[in-house]
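Report on one structure; see the data block that follows.
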Amino acid sequence: MKCVLLGEAQIAARVRALARKITRDFAAREMVVVSLLNGTVMFLADLIRHIPLPMRLDFAGVSSYGSGTESRELVFTKELRLDVRGRDVLLVDDILDTGKTLSCVLAKLRRLRPRRIKVCVLLDKPARRTESVRADYVGFRIPDEFVVGYGLDYAERYRNLPFIAVLRPEIYTAPTP
Ligand code: IMP
Ligand code: MG
């Protein structure tokens, strides 16, 4: 680890603010929250407990990284089970980086004809964007560094850290054990 980028209290305050905003925007109808595995675990749990609205929750599994830090081919590891047709959908992801994951998932979701889709991400790394995709709710804009913790991983590790930290580049440039 190099340094803590976002501490626990800072994350908690921001997640509550996002939840309040989402609550105002979605108040009229039951929502379907679609969360992308596995990076959203902590963010999702903290976010939805502050959204006091009727909702159904589903997960989609998408994996883009293998064990490295560069985006690779996208693989769907879990399909949606809930019917989102005509529904208000909140799509939740941990971080918007190149945008490949979200643009691919959004295209797939739109084919299911929801009434509307809003995108919520904890982190946004605009420096690396290659796709024209934007999030409606963003926790924090961060610089172009590889971060871990609060659900985010490097090679499936560090997800359990309660804060978000920048990973030392030596860690991801060395061969993985
Ligand atoms: P994108 O498809 O390039 O936008 O990447 C999105 C996915 O890459 C996220 O859902 C994360 O799983 C992963 N990712 C991108 N940047 C980071 C990072 O700094 N740390 C950990 N995971 C990341
Ligand atoms: Mg990930």
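Whatever order the structure lists ligands and atoms in, that order sets their numbers, starting from 1. For this chain, numbers begin at 1 and follow the sequence in order.
Residue contact check for ligand 1: Asp153 places a non-hydrogen atom closer than 4.0 Å to it. At least one heavy atom of Asp94 sits closer than 4.0 Å to an atom of ligand 1. Heavy-atom distances between Glu131 and ligand 1 stay at or above 4.0 Å for every pair.
A cation-pi arrangement is absent between Lys118 and Phe26, since the terminal nitrogen or guanidinium carbon is not both under 6.0 Å from the aromatic centre and inside a 45° cone about the axis.
Taking 4.0 Å as the cut-off between side-chain N and carboxylate O, Asp124 and Arg129 count as a salt-bridged pair. At a threshold of 4.0 Å, the pair Arg81-Asp58 does not count as salt-bridged, since none of the basic side-chain nitrogens sits closer than that to a carboxylate oxygen.
The aromatic rings of Tyr150 and Phe43 sit tilted relative to each other, their planes meeting at an angle between 30° and 60°.
Contact annotation for Thr101 and ligand 1: heavy atoms of both the backbone and the side chain come within less than 4.0 Å of the ligand. Residue Thr98 touches ligand 1 through backbone and side chain together, judged by heavy-atom distances below 4.0 Å. Counting heavy atoms under 4.0 Å from ligand 1, residue Arg128 does not touch it at all. Counting heavy atoms under 4.0 Å from ligand 1, residue Asp93 touches it through the side chain alone.
If you number the atoms of ligand 1 from 1 as listed, the ones under 4.0 Å from a heavy atom of Glu145 come out as 19 (O). Of all atoms in ligand 1, numbered sequentially from 1 with element shown, those under 4.0 Å from a heavy atom of Asp97 are 1 (P), 3 (O), 4 (O), 5 (O), 15 (C), 16 (N).
Taking only nitrogen or oxygen atoms, main chain and side chain alike, Val147 reaches within less than 3.5 Å of ligand 1.
Comparing Gly39, Gly99, Gly151 by heavy-atom distance to atom 4 (O) of ligand 1, the nearest is Gly99.
Closest of all the heavy-atom pairs between Leu37 and Phe59 is CD2-CD2, 3.5 Å.
At most 12 heavy atoms of other shown residues, nucleotides or ligands fall within 6.0 angstrom of atom CZ in Arg113.
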**Request:** Determine, step by step, whether Arg110 and Ile117 satisfy the side chain to side chain contact (heavy atoms under 4.5 Å, CB included) criterion, reporting the C-alpha distance in whole Å, the side-chain angles of both residues, the deciding distance to 0.1 Å, and the verdict.
**Result:** CA-CA 8 Å; Arg110 285 194 187 107; Ile117 309 174; 3.8 Å; yes
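Checked by atom type, the side-chain pair Thr77/Ser63 shows no donor-acceptor distance below 3.5 Å.
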